[in-house]
Amino acid sequence: MKKIFYTILLLSTMSSLIMAQATGNRNYAKRAKGNVNYNNNTYNDYSEVPQNIEPNVTLGQGKLVTLEVQILSNQKADTYVAIFNLTQMGKTVDETNRLLTDRYNGFAQELQSVGIPKDAIYLDMISFVPLYEYEKEKKIFSKTHNEVPKGFEMQQNVHIKYNDMSMMPKIMSVAAKYEIFDLVKIDYAVDNQEAVYVEMREKAVAHLVQEIELYVDRLGVDLESGYRIVGENKQVSFPVDRYSSYNAYSNVSLGGTPEKGKVQDMYKPKTMYYDKVAYDNFDIVINPTVLEPAIQFMYTMKIQIAVKDPNQPTPQHVWLTPDGDLVPIKID
C-alpha cells in the first residue's frame, strides 16, 4: 500500500532429486546454528534465505510528496548451465591424468548420445596437487613422523549447457555411470533480460500516472504544478540462492526415558525446498504462479513531487512604468 509521506522501509524480499539437485550441493555446506521445535518437527531456523532483498531507492527529503511502485517479475529460464565436479586420485601424475581423462571422455561422449551437443560441454581445470602421508622414522631415543608424497589428486569441473530442465534426469544418469555425483550448482539465465526490465518500467510509469491522477481528481492534491524527481532501482534473485533447508522428524513417542548408557539417534536427513521471494510488499507481480524455480526480477520506481503550501501567498511581480503605473508581470 502506498503512503504519500513515505519513510523508506522495505521489509519484503528478491527438483526430489531434481528439486534438491537443482540448487547444487553448494547449499548443503550450510550448517545450522539452532533448531526450533514445533509439534515434534524440528525446523532449522538458521538456513532460511532472507526475504528483504527488493531494490531500494533513496531520494532527498523536504516538502515533497513521495509515490512509489514495486514490481516483481517471475521469469522461466531460457538456458541452464550445470556444473559437475570430477575428482581423481592416483599414485603417479600419468596415472591420475589418464584415469580422469578416461572418465571425462566417456562422460562427454555419452552426454552427446542423450542430446547434449559437444559445443555445450566445457572442461574447467581446477587443481592438481600432491597427496602426502606420514612416514615414521625410528631413532635410538625418539620417533619422528615425516610427511612424504604418496600420490596425486586432480580436480576438474564440467560445465553443461542445456535448454530444458527435463534433461536433468538424463544428465544425472549418465554422470552416475562415471562415478560423478557432485553437482556443484546450476546457473539459470534469461536470454533477453533487457525486455523484462522494459516491461516492468512501462508498468511502473502507468501505475504512477494513474496514482497521480487519483490524488489530483479524488483528493484534490495539487501534484501537477510542482517539479518532479524520479529514481529507480532493480535487482534479480536466482534460484540457486533461494533454497532453505530444515530437518523434519518425529520424536520418540514410546518407551519413555531411555535408561542410563549410550543413546544412538537415527540419522535425520536434511531437506531443502525452493523458497521464492515473497509477494507481500510488491504492487505488481508478473507471472505470479511459480511451478518451476524462477528467476525473479525486482524493480522499484519512486517519484517525488514538490507541493505548494496553500497558506503561503503567491508572490506578485509588477513593473513600474515611467508614467508611474504598476503593471503586473507574469513570471513562469
Side-chain angles (χ1 to χ4, degrees), residues 10-31 44 46-57 70-85 116 120-122 124 126 157-169 171-172 175 182-201 203-204 232-246 270-282 284-300:
L10 300 177
L11 294 179
S12 162
T13 68
M14 242 234 21
S15 284
S16 241
L17 176 62
I18 303 305
M19 283 300 294
Q21 290 286 11
T23 176
N25 292 335
R26 185 186 77 165
N27 281 336
Y28 280 93
K30 299 177 182 178
R31 291 294 181 262
N44 185 323
Y46 174 74
S47 61
E48 292 183 354
V49 293
Q51 292 289 343
N52 55 330
I53 63 170
E54 67 266 26
N56 191 0
V57 176
Q70 298 182 59
I71 302 177
L72 183 142
S73 179
N74 295 313
Q75 296 292 325
K76 182 181 180 297
D78 296 308
T79 57
Y80 311 85
V81 175
I83 301 177
F84 288 86
N85 176 264
I116 304 295
I121 306 172
Y122 174 77
D124 183 20
I126 301 300
N157 284 345
V158 182
H159 299 214
I160 305 168
K161 178 182 176 181
Y162 54 100
N163 301 322
D164 190 348
M165 183 56 82
S166 64
M167 288 294 299
M168 199 60 203
I171 296 174
M172 295 290 294
D182 189 3
L183 173 58
V184 181
K185 68 170 183 174
I186 295 181
D187 290 327
Y188 292 60
V190 171
D191 293 341
N192 194 351
Q193 183 168 307
E194 180 182 2
V196 177
Y197 284 119
V198 168
E199 179 187 19
M200 298 171 76
R201 184 177 290 109
K203 287 185 177 292
E232 62 177 3
N233 207 340
K234 53 192 176 183
Q235 191 167 330
V236 61
S237 177
F238 292 93
V240 69
D241 299 316
R242 298 301 310 175
Y243 277 82
S244 294
S245 61
Y246 69 96
K270 179 174 291 188
T271 302
M272 303 187 72
Y273 64 97
Y274 173 65
D275 190 11
K276 70 180 186 303
V277 175
Y279 300 163
D280 303 39
N281 290 347
F282 290 96
I284 301 173
V285 178
I286 303 172
N287 304 325
T289 302
V290 175
L291 179 61
E292 177 183 328
I295 304 174
Q296 296 187 281
F297 295 88
M298 290 155 280
Y299 178 83
T300 297

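- Here the CD atom belonging to Glu194 is positioned 13.0 Å from the CD atom belonging to Glu199, to the nearest 0.5 angstrom.
- Partners of Asp187 according to the salt bridge (Lys or Arg N to Asp or Glu O under 4.0 Å) rule, which considers only residues two or more places apart in sequence or in another chain, are Lys185.
- For the ring-ring contact (aromatic ring centres under 6.0 Å, His included) test, residues two or more places apart in sequence or in another chain that qualify with Tyr80 are Tyr162, Tyr188.
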- CA sep, side-chain torsions, deciding dist, call: Ile116, Ile171, side-chain contact (heavy atoms from CB on, under 4.5 Å): CA-CA 9 Å; Ile116 304 295; Ile171 296 174; 4.2 Å; yes
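- Closest non-hydrogen pair, Pro169 versus Ser166, comes out as CD-O, 3.2 Å.
- Remark: Asn163 engages no residue in a side chain to side chain donor-acceptor pair (under 3.5 Å) (not counting sequence neighbours).
- Of the inter-residue distances, the one linking Gln70 atom CD with Met200 atom CE reads 10.5 Å to the nearest 0.5 angstrom.
- A donor-acceptor pair is defined here as one N or O able to donate and one able to accept, closer than 3.5 Å; such a pair exists between the side chain of Asn192 and the backbone of Ala195.
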- Query: Would His159 and Ile121 count as a side-chain contact (heavy atoms from CB on, under 4.5 Å) if you check the C-alpha gap in whole Å, the side-chain angles of each, and the deciding distance to 0.1 Å?
  - Reply: CA-CA 6 Å; His159 299 214; Ile121 306 172; over 6 Å; no
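- In this structure, CG in Asp241 is found 11.5 Å from CD in Gln296, a value given to the nearest 0.5 Å.
- Taking CD1 of Ile286 as the start and CD1 of Ile71 as the end, the distance is 6.0 Å to the nearest 0.5 Å.
- For Val290, the side-chain contact (heavy atoms from CB on, under 4.5 Å) partners two or more places apart in sequence, or in a different chain, are Asn74, Tyr274, Lys276, Tyr279, Ala294.
- In this structure, the side chain to side chain donor-acceptor pair (under 3.5 Å) partners of Asn157, at least two apart in sequence or on a different chain, are Asn85.
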- Task: Show your working on side-chain contact (heavy atoms from CB on, under 4.5 Å) between Ile160 and Phe84 and close with a plain yes or no.
- Result: CA-CA 8 Å; Ile160 305 168; Phe84 288 86; 3.8 Å; yes
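- Put simply, the side chain of Asp78 gets close to the backbone of Asp191: a donor and an acceptor are under 3.5 Å apart.
- Interatomic distance, NZ of Lys203 versus OG of Ser73, reported as 9.0 Å (0.5 Å rounding).
- Checked against side-chain contact (heavy atoms from CB on, under 4.5 Å), Ala189 has the following partners two or more places apart in sequence or in another chain: Thr79.
- Residues Phe297 and Tyr197 bring their aromatic ring centres within 6.0 Å.
- Distance OG/Ser237 to CD1/Ile295: 9.5 Å, rounded to 0.5 Å.
- The shortest side-chain heavy-atom distance between Tyr273 and Asp275 falls under the 4.5 Å cut-off.
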- From CA spacing to verdict: side-chain contact (heavy atoms from CB on, under 4.5 Å), Leu291, Lys76: CA-CA 10 Å; Leu291 179 61; Lys76 182 181 180 297; over 6 Å; no
